Amino acid sequence: MSATGIGAAVRRKEDFRFITGKGQYTDDISRPGQTYIHFVRSPHAHAKIKSIDGTETKTMPGVVAVLTGADLANDKIGNLICGWAITSKDGSPMKMSAHPAIANGKANHVGDAVAVVIAETLGQAKDAGEKVKVDYEVLPAVADPAKAQAAGAPQIHDVAPNNTIYQWHLGDQKAVEAAFKSANHVTKLDIINNRLVPNAIEPRAAIADYDAGNDALTLWNTSQNPHVARLVIAAFVGMAPEHKLRVIAPDVGGGFGSKIFIYPEEVVCLWAARKVGRPVKWVSDRSEAFVTDAHGRDHVTHAEMAFDHEGKITALRAKTIANLGAYMSTFSSSVPTYLYATLLSGQYSIPQIYCEVDAVYTNTVPVDAYRGAGRPEATFVVERLVEVGAREMGVDPADLRRRNFIKSFPHQTPVIMAYDAGDYNASLKKAMELADMKGFGKRKRDSARNGKLRGIGYSTYIEACGIAPSQAVGSLGAGVGLWESAEVRVNPTGSVEVLTGSHSHGQGHETTFAQLVSERLGIPIETISIVHGDTDKVQFGMGTYGSRSGAVGMTAIVKALDKVEAKAKKVAAFMLEAAEGDIEFKDGKFTVAGTDKAAAWGDVALNAYIAHKFTGAELEPGLKEGAFYDPTNFTFPAGCHICEVEIDPETGNTDVVAWTAVDDFGVVINPMIVEGQVHGGIAQGVGQALYEGTVYDKEGQLVTGSYMDYAMPRADYLPSFKVDTTETKCPSNPLGIKGCGEAGAIAAPAAVINAITDALGTEEIAMPASPATVWAALQKVQPRQAAE
Amino acid sequence: MPKVSMTVNGNAVTADADARTLLVQYLREGLRLTGTHVGCDTSQCGACVVHVDGKAVKACTMFAWEAEGKTVLTIEGLAQNGKLHPMQEAFRENHGLQCGFCTPGMIMTAVDMVNRKGHDLDDPTIRHELEGNICRCTGYHNIVKSIAAGAKAMA
């Protein structure tokens, strides 16, 4: 292993600009003559817009324009779309409503835009926005997904009777019923997977600039996938042809899924910039982010697991209602279906699985992918069922897991996925040692002596990452392929630029991708630049989400490097006057087999461009190659997380006192960065389990609408984490990578709740397990005693 | 529009600021010092922490005119003579940042923490002192490590 190659904990190349305040986030960009846009938003969850009067607004200082949904419709700006078609079990297509970028006629959630004001300064735009008179007829609203389909519930979209978007299922219902009939034990749980607000610390932002001379638009935005944004805004919204629309996602301050989607504000800024003939800038307030950024999770589930007399799982069934909010966001339909039910086998050999999912509209902010997207929900169902099943049957939870682990690969689950490699017992064993499971009894007794309750919980999770094989997702309804592209440009002096369709918003691609190139070409990491996030530079790409950048994005780079090496060998053959087949390349040097003839990387690069050693008929000058890589399978990172908690029975407060994570991510490029990804994922998962809960009241008002009301983990809410890995290589990509970005968020909630319920002796704990929730539960039960 | 003057990163500066202009807007928009970030509107996240007369302040909680005549240090002024401040080095060395958005506020808070609490900071102290700064990427683990290391390096 070289100091900067694969497996080295290289310090990040991108950090210098961030630690010196020189990062360039969207809000840091200003365009000459820019105006500021303010969105006037519905204060009601559900209301007819009877009229909008902007007369007074237009007279306010600095106002450039006041625009409404009617103006948008008049200009024939199209609707936003959901790009993954789900078919109901009766064969009918999902019921996608119109989603205009500015509501026209009816507002469907608090925060739905109803008008915009564009002014010389942001203050002027906001002041003028106060003067827009909107006459609303307030309608009854529904925010609770469990009530959305009830008779008499307010109807949100005509296209979707009973607010039902689809009724989907997966698996063999009859076989599952038969398995339950012959079960020795059945464990049943009702689960609410709490709604979350992603809360990347950089709020979303957009600047649109119109170049009238070329009739071309440029959008700077906070996007995880600028090419997909351009495609949707060009092809579906109809803003401009793709070649006349440039989308640049510069430094992006965290995404966690919420910056995948194509949002109304980006569309409106582009449209308005062309309309007023000046750049238009929008930066979300945090309070605005709470009512416009797509939320995550929000499932209501009843789940059951059947066991035979040996504690072997024979079947699992789940019925889930998934809240998709007021409109179908970009990938919303796929999250509670193909990213959820397909993972219900967990790490276990389960012969039969059946899952039904009803997706519903409610008068809430749209819900879409948030870190893990469907897989945390599936893991929570499976890992709670297994843990509770073990307790009910009086079996050690680790032992029950071991009995049911999949042990041979490949393994075809009954829910589409074909797991390719893993060693689940290895990660469980290592995690149990690191967590000092043997010492837990003593620690629990020590806690008891201090009047505290101690509990421990496992989560042996699996996820499907490396999203995704295009043909597979196409057959399941995806409107796009999920391959990735790369282009390797070798300069005449031998330095290298890699253009990638992946997008880094904290993951450190500028370092890890450069490590791959450094290892492969044997050149210093300082001579490699990673270029991403600009549709004028990178031809096309699918962006970053679903832990895909390593497994898919880097494999595309490998393919391009293969081609670069092949061509460079041809150049070297001319230089060294040898047969191409005799040229060998190692450690940045080309040699002729069996001789001492050699040429350095930089000399070969220069010769490719000066083209003195070969004619154009023999070889094209230049050294630049591109590749598209389409994976053949998902990747399957898996591992074991163990959470240890101490609860104060007087206050109900839960302290996470220890965390152990042992993950199998396949081959690790940079262990420092991978550990950082795990830490962050765990924090978000602990956030879901203990702190984060999105509350809507009966009228559809968002009660938790700011950082004052929505609790997120702070530094003193968390312990330091013990993080380690095991390794089984992923067989489906040449690097053996599985992906690591979502693991912590997927594993953590079940581990925390399994630990709390272990301490309390009741399974009736809802997330977030706030002190009030835990305290109330404690009033009903006798806590489990420490074994002496 | 009225002018407000102060010393920022050692330079005497003057820029427009009306009565409601926040210090963070003055720095970002008036002086184009965009390293100080805005992550919330309720003074919770700490992305905008700068030093005013040597003390950490959330630049979104203060009007620009309140800083008239004062001395302000932002993330851009931390490195001296082209050499990174030890706390900046510590964040890079310990992977104390991912997306980088909360980082300027974290570093400015960390330097202030050392100024007040000394160079030997244990984990509970660091974690408690960070209650006004939110990071969504790192889970704080490496930020805590960075600050402990940076504090020692500042001695």
Side-chain angles (χ1 to χ4, degrees), chain A residues 9 11-12 14-25 27-30 122-123 198-203 251-256 283 285-288 505-508 672-673 675-684 686 706-708 712-721 723 744, chain B residues 18 20-21 25 28-29 32-45 47 74-79 84-85 87-89 91-105 107 123-124 126-145:
Chain A
R11 300 305 183 260
R12 299 202 317 173
E14 46 272 83
D15 282 358
F16 182 80
R17 66 177 186 271
F18 295 134
I19 58 180
T20 54
K22 303 291 186 200
Q24 279 288 293
Y25 301 89
D27 187 24
D28 300 337
I29 294 164
S30 285
L122 181 59
N199 276 312
I201 303 297
E202 180 206 23
D251 287 330
V252 173
F256 318 114
V283 180
D285 287 342
R286 181 55 60 184
S287 49
E288 197 174 14
H505 31 279
Q507 296 88 343
M672 176 190 82
I673 286 175
E675 283 179 16
Q677 290 291 312
V678 175
H679 298 157
I682 295 168
Q684 285 180 343
V686 172
S706 80
Y707 284 178
M708 304 283 279
M712 288 187 292
R714 307 229 175 198
D716 59 349
Y717 299 1
L718 296 169
S720 290
F721 311 111
V723 175
Chain B
D18 64 17
R20 62 181 172 179
T21 301
Q25 293 172 308
R28 287 182 54 81
E29 291 157 31
R32 300 302 303 153
L33 291 171
T34 56
T36 303
H37 296 152
V38 180
C40 74
D41 38 30
T42 51
S43 295
Q44 293 282 308
C45 79
T74 74
I75 188 72
E76 289 94 341
L78 207 54
L84 288 178
H85 185 279
M87 193 59 77
Q88 290 172 311
E89 284 282 17
F91 269 70
R92 178 162 68 177
E93 181 59 25
N94 292 284
H95 191 29
L97 62 148
Q98 290 182 24
C99 81
F101 196 80
C102 77
T103 309
I107 291 175
D123 277 17
I126 296 170
R127 287 181 181 276
H128 178 71
E129 287 285 328
L130 281 179
E131 67 178 0
N133 293 72
I134 299 176
C135 170
R136 196 62 162 161
C137 292
T138 64
Y140 305 101
H141 180 111
N142 286 341
I143 291 177
V144 174
K145 263 173 75 180

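Not measured: the values here are computed from a predicted model. Note on naming: letters A, B, ... go to the chains in the order of the sequence lines (proteins, then strands), and numbering restarts at 1 for each one.
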Using heavy-atom distances under 4.5 Å, tell me whether [X] contacts chain A through its side chain, its backbone, both, or neither.
X: B:D18; result: neither
X: B:T42; result: both
X: B:L33; result: neither
X: B:F101; result: both
X: B:R92; result: both
X: B:H128; result: both
X: B:I107; result: side chain

Counting heavy-atom pairs under 4.5 Å with chain B, which one of [options] comes out on top?
options: A:P719, A:G255, A:G744; answer: A:P719
options: A:I19, A:D27, A:N199; answer: A:I19
options: A:Y25, A:F16, A:F18; answer: A:Y25
options: A:G676, A:A683, A:G254; answer: A:G676
options: A:A200, A:S30, A:S706, A:G508; answer: A:S30

Please determine, among [options], the option with the most heavy-atom pairs under 4.5 Å with chain A.
options: B:N142, B:L130, B:I143; result: B:N142
options: B:C40, B:C135, B:G39, B:G132; result: B:G39
options: B:C99, B:C102, B:G35; result: B:C99
options: B:M87, B:E129, B:H37, B:E89; result: B:H37

Give, for atom [atom1] of [X] and atom [atom2] of [Y], the distance between the pair rounded to the nearest 0.5 Å.
X: B:Q88; Y: B:L97; atom1: CD; atom2: CG; result: 11.0 Å
X: A:R12; Y: B:H95; atom1: CZ; atom2: NE2; result: 5.5 Å
X: B:I134; Y: A:I201; atom1: CD1; atom2: CD1; result: 5.5 Å
X: A:R714; Y: B:Y140; atom1: CZ; atom2: OH; result: 6.5 Å
X: B:Q44; Y: B:E131; atom1: CD; atom2: CD; result: 10.0 Å

Can a donor-acceptor pair be found between the side chains of B:R127 and A:S720 at a distance below 3.5 Å?
-> yes
Between A:H505 and A:Q507: side-chain donor-acceptor atoms closer than 3.5 Å | yes
B:V144 and its side-chain contact (heavy atoms from CB on, under 4.5 Å) partner, picked from B:T138, B:N94, B:I126 = B:I126
Given a strict heavy-atom distance threshold of 4.5 Å, which part of [X] is in contact with chain B: side chain, backbone, both, or neither?
X: A:F256; value: side chain
X: A:I673; value: both
X: A:E675; value: neither
X: A:V252; value: backbone

Parallel, tilted or perpendicular for A:F721 and B:H141, by the 30°/60° rule?
-> parallel
Locate the shortest heavy-atom distance separating A:Q24 from B:T34; write the atom from each residue and the value.
-> NE2-OG1, 4.2 Å
With B:Q25 via side chain to side chain contact (heavy atoms under 4.5 Å, CB included) - residues at least two apart = B:T21, B:L22, B:E29
Provide the full list of salt bridge (Lys or Arg N to Asp or Glu O under 4.0 Å) pairs with a residue in residues 133-145 of chain B, sequence neighbours left out, each pair given once.
-> A:E692-B:R136
